[in-house]
Amino acid sequence: MTSASLEHRASALNSQLESLDLSGRLALIASLDGKSVFTTSLGIEDQVITAAIGTGRHPIEVSTLETGRLFNETVALIDMTEQTYGILIKRFYPEQDDIDAYAAKYGLNGFYDSIEARHACCGARKVKPLARALEGASFWITGLRRGQSGNRAETPFAEADTDRGLIKINVLADWDIEKIRAHVADAAIPVNPLHARGYPSIGCEPCTRAIKPGEPERAGRWWWENDETRECGLHVAEASTSVMPQTAASSPISSSPLSSGPLSSSPLSSSIAR
């Protein structure tokens, strides 16, 4: 599909999604020709989407990026969510060669030292695994919302991702945090306990702090950087954040099998000392 046709299809889909509720949006996506993948960070909005996919039995693949440096609470929530809704959440891990190359060039926690180093870490632990998670997908469902940050204030319901050759669909673009919380309470949806401790947006443990009163939802992400539009690279053009160190040839593309233990059972456990 050409970039122009992708843009045209995304525009039409954006108009269709606007008038539907969450269940209707997911049903519409599931009815489209092509593979649909929802990537969850296990945050509160993503839990709303996962619950809707599970209870509605929509044929949508659910995946997560197990970066090797997630909070233990986040890792535990993956298993709890699978059990609650009877679904499979596919884990995608970074390649060990990429982690080793990063550590050799920047140091394990070099992301604190420069924006280049932080982007490289996100590239190894998130952007490259995302590419595997989205392999063969025509539609990528996310939990992006307009109220999360000023950088996301104009988030559409559907947009062409020409770099990846697919349509990105933000099914909760128009939901505010109050609506999210009310829905979670009404539906008894399991959420990360860190939300109650002042973490509205949760990423990797070394890169996330609780926010202060009055701060934007995503102020606790990469808090040592001054750029208020900072992102990890998942939702911006790849070329603008790609500073990955060179590595040896990657191993065959595949998702890792489900793990049932804590973070220490990760295949990258030797590289994720906190």
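Side-chain contact, S201 with R221: a donor N or O sits under 3.5 Å from an acceptor N or O.
Smallest separation of non-hydrogen atoms from V37 and S63: CG1-OG, 4.1 Å. Shown here for F71 and G203, the closest heavy-atom pair between the two residues is CD1-O, 3.6 Å. Closest approach of L20 to G24, counting heavy atoms only: CD1-O, 3.7 Å. Taking each heavy atom of A173 and P156 in turn, the nearest pair found is CB-O, 3.8 Å.
A salt bridge links E225 with R118: at least one charged nitrogen is closer than 4.0 Å to a carboxylate oxygen. Using a 4.0 Å cut-off between charged side-chain N and carboxylate O, R209 and E215 make a salt bridge. Between E135 and R164, no side-chain nitrogen of the basic residue sits less than 4.0 Å from a carboxylate oxygen of the acidic one, so the salt-bridge criterion is not met.
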Go through E159 and N170 one step at a time and tell me if the side chain to side chain donor-acceptor pair (under 3.5 Å) criterion holds.
CA-CA 8 Å; E159 56 190 312; N170 312 304; 3.0 Å; yes
Please lay out, stage by stage, how W222 and C122 fare under the test side-chain contact (heavy atoms from CB on, under 4.5 Å).
CA-CA 11 Å; W222 313 292; C122 290; 4.1 Å; yes
R91 and E82: salt bridge (charged side-chain N to carboxylate O under 4.0 Å, His left out), yes or no, with the steps?
CA-CA 12 Å; R91 278 89 154 167; E82 287 182 323; 3.1 Å; yes
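In this view, T64 satisfies the side-chain hydrogen bond (donor to acceptor under 3.5 Å, both in side chains) rule with no residue, not counting sequence neighbours. Residues forming a side-chain contact (heavy atoms from CB on, under 4.5 Å) with T84 (at least two apart in sequence, or on another chain): M80, P190. When the side-chain hydrogen bond (donor to acceptor under 3.5 Å, both in side chains) test is applied to T74, the partners found at least two apart in sequence or on another chain are N192. Checked against side-chain contact (heavy atoms from CB on, under 4.5 Å), P59 has the following partners two or more places apart in sequence or in another chain: A30.
Between the side chain of R125 and the backbone N or O of T67, at least one donor-acceptor pair lies under 3.5 Å. Checked by atom type and distance alone, the side chain of R146 pairs as donor or acceptor with a backbone atom of T155 at under 3.5 Å. Side-chain atoms of E95 never come within 3.5 Å of backbone atoms of D97 as a donor-acceptor pair (strictly under, hydrogens ignored). When atom types are taken as modelled, the side chain of Y102 and the backbone of A117 share a donor-acceptor pair closer than 3.5 angstrom.
Distance OG/S41 to CD1/I202: 8.0 Å, rounded to 0.5 Å. Here CZ of F92 is found 8.5 Å from CG of L65. Values are rounded to the nearest 0.5 Å. Atom CG of L70 sits about 5.5 Å away from atom SG of C204, to the nearest 0.5 Å. The CD1 atom of I167 sits 11.5 Å away from atom CD1 of I141, with the distance rounded to the nearest 0.5 Å. Between T208 atom OG1 and Y199 atom OH the span is 8.0 Å, to the nearest 0.5 Å. Put simply, OG1 on T50 and CG on L42 are 7.0 Å apart, with the number rounded to the nearest 0.5 Å.
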Under 3.5 Å, sequence neighbours excluded: what are the donor-acceptor pairs made by side chains of residues 5-14?
residue, atom, partner, partner atom, Å
S5, OG, T2, N, 3.0
S5, OG, T2, O, 2.9
S5, OG, T2, OG1, 2.9
N14, OD1, F157, N, 2.8
N14, OD1, A158, N, 3.2

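Legend: side-chain hydrogen bond (donor to acceptor under 3.5 Å, both in side chains) pairs involving residues 16-25, not counting sequence neighbours, sorted by first then second residue: R25-D174. Within the structure, salt bridge (charged side-chain N to carboxylate O under 4.0 Å, His left out) contacts touching residues 44-64 (residues at least two apart or in different chains) are K35-E61, E45-R145, E61-K90. Pairs engaging residues 162-192 under the ring pair (Phe, Tyr, Trp, His ring centres under 6.0 Å) rule: W175-H183 [sequence neighbours left out]. For residues 179-192, there are no salt bridge (charged side-chain N to carboxylate O under 4.0 Å, His left out) pairs, not counting sequence neighbours.
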